[in-house]
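For reference, the structure is listed below as structure tokens.
Sequence lines set the chain letters: A, B, ... in the order given, protein chains first and strands last, and positions in each chain run from 1.
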Amino acid sequence: MKTRTVNIDYLSRVEGETSLYIEANDGKVTAAQLQIFEPPRFFEAFLRGRDFTEAPDITARICGICPIAYQMSATHAMENALGVQIDGPIRALRRLLYCGEWIESHALHMFMLHAPDFLGYKDVIGMAADYPEQVKQGLEIKKAGNSLAAFLGGREIHPINVRVGGFYRAPRKRDFAPLAEQLKRSRDVAVGAAQWLGQLNFPDFHRKYEFVALRHDHEYPMNEGNIISNTGLAISASEYEDHFQEEHVSYSHALQAVHTSYGAYLVGPLARYNLNFDRLSPLAQEAARTAGLSEVCDNPFQSILVRCVETIYALDEAIRIIDSYEEPEAPHISITPHAGIGYACTEAPRGILYHKYQLDENGAILDAKIMPPTSQNQKMIEEDLRAYVEQYIQEDDDTLTRHCEQSIRNYDPCISCATHFLQVTAKRNTSA
Amino acid sequence: MITVIGIGTMFRGDDVAGLAVCRKINALARPGVRCLEQSGDGALLLDTWRGADTVIVCDAVMSAGPPGALYEFDAQKDTLPEQFFSYSTHQFGLAESVKLAEHLGLLPQRLLIVGIAGKTFALGAPLSDEVSAAVTAAVARIEAMIAAIIAESATSDAEYAE
């Protein structure tokens, strides 16, 4: 038996640090392990004893790419614990802020991190020499997302304007005008980008996934909705832990989530798109078709197209919210703490982000649980690798590493969140 | 207009050096000089550089040199060592931004970079004594750069007037 192992020490163009171990026996992949060596970060323990008002700002520090997702899940979970429902302009502003994060996160991944894979470049710097206009487009779209996050959140990274019950300060309607113009320009750019991205060459690789995402009565999901799947799951956030469990694997510092009795599942853009195509705006649906997507997409490499469609949607939705915005009487509501347990799931750019908090009678946090999207996708990333890289297992280490990295980057993984990337080790065993 | 950009974070020891330098130069309130504090995010740097005349960037660097050592680069002439300006595995930082700006035609007319070798970048660590002293030296060096650029500009203006 001939054994081949490939080690990738650090995976590039992902958030955080991990290595990958691949082992093949007689050309058959027998192991694909994401060995996440970033140390555990103990955020759930940090939260114990802190006041309920502190959770949005503490948990935002888990990630510099998706801090708004953490703020949103934390505020919704706290309000759920304290029996508060936010509606009207404050609810609209939260959705608007989330649009900003989706735009900046997706634009960064599509143009700077993922597109170079399809065009044969080591990184975006090499790509920029031959595709300067496309890189400039990516920067312009990302800037619009950054501007939106900074306008509403106070700053681009780790916004400081979000609080349980609403915002510290609500914007004046008249102040939105320059931002709205910037978003409209970026929407046009993103629509053009969908055409360009649709012309990339995608591997003919399809998987039968269990997609898990939120589903809302009439919106493409961001802050609210039931958790559903294409296997018939339909639950509230409070039932999440009855269906999903975290497991420890010996080779990784990050816990891996499984759907009990089903196994690996997929969250993120592909899951949202497949379960919510009918909730996209007409412009986003049209862009999907222009890019060559149907209403169902089971090719993980085409997630770059789905991110573009979601970016167009987020720009479209942000413009709609700004157009219809009415200033709230107060930027937040006052909340009196009491004992309780609260649950929330919101749609981070990379998928559903689950928070649960138990509070004492004064609002101090007794217990916290956070399940980020990359933890939930880890098992599926490994399953994709097993299925995809076998065809390349006889290739040289550089080629094999490139295919492994591209497959992992389909997920835009955030290892920092999951530990809360890539050293590849490939071991090839051959019996001859 | 001369733009001085200080890069860093106040939460990681000597990584605050660029911000400290920027604040000291800003306190001098020189006319024709604007000072910006940034995280080092490449997209924001590129946006700031777009159409700028002269930009001076100051950042802490990871180098094999002694803590507090100063390094100077002219982006039009020198190649920046990427490991000096490590920013993130996900985002792109100063060295990558310079290369990207070259390809995209977004480099300022003049981009000068002053690096300060850090001693520790540990979370919550204070500014080290060596880098604290280097901040003063870097301020003096950037002040000299600004003075030279202003003098050069005055000379060329006078020649143009003749």
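Surrounding CG of A/D130 are more than 12 heavy atoms belonging to other residues, nucleotides or ligands, all under 6.0 Å away. Few gaps surround CZ on B/R30; more than 12 heavy atoms of other groups in view lie less than 6.0 Å from it.
Distance check: A/K143 NZ to B/R50 CZ gives 6.0 Å after rounding to the nearest 0.5 Å. Note that NZ of A/K142 and CG of B/D41 are 4.5 Å apart. Values are rounded to the nearest 0.5 Å.
With a 4.5 Å cut-off on non-hydrogen atoms, A/N146 touches chain B through its side chain but not through its backbone.
The two atoms that bring A/K136 and B/L104 nearest to each other are CE-O, 3.1 Å, heavy atoms only. B/H103 and A/I125 make their closest contact through CD2-O, 3.0 Å (heavy atoms, listed as atom of the first residue, atom of the second, distance).
Proximity of A/D123 to B/K99: side-chain heavy atoms (C-beta onward) are nowhere separated by under 4.5 Å.
In terms of heavy-atom pairs under 4.5 Å with chain B, the best-connected choice from A/P132, A/A128, A/G138 is A/A128.
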